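Below is one structure, written out as C-alpha cells; the observations come after it.
Every heavy atom of this structure was used, including side-chain atoms; hydrogens, water molecules and symmetry mates were not. Because the structure is predicted, anything quoted here is derived from the model rather than measured.
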Protein chains: 2
Amino acid sequence: MSAPDRLTIGELAARSGLATSALRYYEDLGLIHAERTAGGQRRYPRPTLRRLAFIRAARQVGLSLDEVRAALAELPADRTPNATEWAKVARSWQRRIDAHIESLRALRDRLTGCIGCGCLSLTKCALYNPSDQAATKGPGARYLLGDTPPRPRER
Amino acid sequence: MSAPDRLTIGELAARSGLATSALRYYEDLGLIHAERTAGGQRRYPRPTLRRLAFIRAARQVGLSLDEVRAALAELPADRTPNATEWAKVARSWQRRIDAHIESLRALRDRLTGCIGCGCLSLTKCALYNPSDQAATKGPGARYLLGDTPPRPRER
DNA sequence: GCTTGACTTCAAGTTCGCTTGAAGTTGCAG
DNA sequence: CTGCAACTTCAAGCGAACTTGAAGTCAAGC
C-alpha cells in the first residue's frame, strides 16, 4: 500500500507502460514536468500518471505530441486538476473522439452497404463504383474518404 | 465526361489528393502499380483510385503502409476486383474498424461518466481518481487506457 | 517542329517519435 | 561505508512516410 506521493522515472515508466526514454522526451517537449532531488534525479507528482493516460488517449485519437501539448496547456502542470478544469478539457475531448468515431462509422457503413448489395448495383455502391463516376464530378471527387478533407501536404 | 481509362500521375494525384511523390513512393512499396508509355511515363488504370481510397482509409484506422500492402495483396493488382474478392477484404476491414470504434467509444464513455458525476465521487470515477488507487493494484494498473495493451516498445 | 509543362530517376533531406549508447552520478540496502 | 542498480545528460541513430532538388526526357498544343 502506501502509494509514494513522488514517483521515480522508473516507477512512472512501470506504471504508465512507457519507456523512461519516452518520459524524458515528453519532459523535453513540455508535456510533463518533474521536480528534482538534491542530486538532480526526477521525482514525478502522482497526477503525472493521469497526464500520461491523457497523452496516450490523445495519440490514439490521432493528435501529434505537439497538439497534445496544446491540449494539456489547459490543465495545471503539477496540481491535480479540479472538477471544472477537468470537465472543460474532457468535453473538448469528447467532441474530438465523437468526430473520429463518426468518420470511422461512415467508412464502415460504406463498406457494409457494399457488402449488403453484393456490389452489383454500380449506380448505388460508391465503393465498388468505377472511378469514371468520380470523373464526372470533376477533380477532387473521391470515394471512401467521407468527411476526410483532401490533404496533399499534411504536415 | 469521357473519363480517360488511363491516368497520368498528375491526374491521379489531383483525384486522390495525394502528392505525386507519394504516389511514386507507394509504387516503390508495391502498393499500387502503373503501366508505362513508350517513353516511360506512368499510366494508371482507374481502379488505382479505389486502391488509393483504401490505403487512405487503412491509414486512418492505424495501419502502416506495410500492413496495408499485406491487406491489399488479396485484391488483384490491375483488374477491377469482383464482388467476391471485394467482399472478403471489406469484411476483414469492418472488423478492424469496429474494433477501433469500440476502443474509442470506451474511451469516450469514461470521459462522459467522469463529467456526469462531476468527478466528485472519487471511488467511482476512474479518470479523476488519484493514482494511489492505481498503486494499490500494483504496477501496470492504468486508467483511461481501456483495452489498450501496454506497449513499452511499440515498433 | 518547337516550346513548355509534366513527366522521369536517383540521392539526399525532413519530421516525428522515439531508442541507444557512452560516460558519469545518485541513492538506498546491507 | 560500500556496492550496485537506477538514475543523469548529451549526442547520435533509427524507421516510417514522405518531400525536395538536380538533371534530364516526354508529349501535346500551337
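The interatomic distance linking Leu29(B) (CG) with dA16(D) (C1') rounds to 10 Å, in whole Å. Atom P of nucleotide dA6(C) and atom CG of Leu12(B) are separated by 16 Å, given to the nearest angstrom. Between the CZ atom of Arg42(A) and the C1' atom of dT8(D) there is a distance of 7 Å, given to the nearest Å. Between the CG atom of Leu23(B) and the C1' atom of dT20(D) there is a distance of 16 Å, rounded to whole Å. Atoms CD (Glu67(A)) and P (dC16(C)) sit 11 Å apart, rounded to a whole Å. We find that CG of Asp28(A) is positioned 12 Å from P of dC18(C), with the value rounded to whole Å. A straight line from OH of Tyr26(A) to P of dG17(C) spans 8 Å, rounded to a whole angstrom. At whole-Å resolution of the value, CZ in Arg6(A) and P in dC7(D) are 17 Å apart.
OP1 or OP2 of dT9(D) has at least one side-chain nitrogen or oxygen of Arg36(A) nearer than 4.0 Å. Proximity of Arg56(A) to the phosphate of dG17(C): no side-chain N or O atom is located under 4.0 Å from OP1 or OP2. Contact annotation: Thr8(A) side-chain N/O to dA6(D) OP1/OP2 distance is not under 4.0 Å. Residue Tyr25(A) has no polar side-chain atom (N or O) positioned under 4.0 Å from OP1 or OP2 of dC16(C).
Here Arg24(A) lies in heavy-atom contact (under 4.0 Å) with a base. Within the nucleic acid shown, Thr37(A) comes within 4.0 Å of sugar-phosphate atoms alone, with no base atom in reach, counting heavy atoms only. Within 4.0 Å of Ile9(B), counting heavy atoms only, lie sugar-phosphate atoms of the nucleic acid but no base atom.
The listed nucleotides are dT19(C), dT8(D), dA17(D); the one nearest the side chain of Arg59(B) is dA17(D). For Leu65(B), taking side-chain heavy atoms from C-beta onward, the closest of the listed nucleotides dG17(C), dA17(D), dC28(C) is dA17(D). The side chain of Gln41(B) lies closest to dA27(D), out of dT9(C), dA6(D), dA27(D).
Residues Phe54(A) and Val68(A) fail the side-chain proximity criterion, which asks for heavy atoms closer than 4.5 Å.
Smallest separation of non-hydrogen atoms from His100(A) and Leu104(B): CD2-CD1, 3.2 Å. In this structure, Ala22(A) and Leu18(A) approach most closely via the heavy-atom pair CB-CB, 4.5 Å. The shortest non-hydrogen separation linking His33(A) to Tyr44(A) is O-CD2, 3.6 Å. Heavy-atom minimum distance, Gly17(A) versus Arg56(A): O-NH2, 3.8 Å.
Nearer the 5' end of DNA chain C, as judged by each residue's closest nucleotide, is the contact made by Gly40(B), out of Ala22(A) and Gly40(B). With DNA chain C read from its 5' end, the first of the two nearest nucleotides for Glu11(B) and Asp66(A) is the one closest to Glu11(B). Between Thr20(B) and Gly10(A), the residue whose closest nucleotide on DNA chain D is further toward the 5' end is Gly10(A).
The one candidate from Arg6(B), Arg42(B), Gln41(B), Arg43(B) that meets the side-chain hydrogen bond (donor to acceptor under 3.5 Å, both in side chains) condition with Glu35(B) is Arg6(B).
Taking OG1 from Thr8(A) and CG from Leu23(A), the interatomic distance works out to 10.0 Å, rounded to the nearest 0.5 Å.
For DNA chain D, runs of at least 3 consecutive pairs of the Watson-Crick or G-U wobble type, with both hydrogen-bonding distances under 3.5 angstrom, map to C:1-30 with D:1-30.
Under the 3.5 Å distance criterion, the side-chain polar atoms of Arg15(B) are left unmatched by any main-chain donor or acceptor of Leu49(B).
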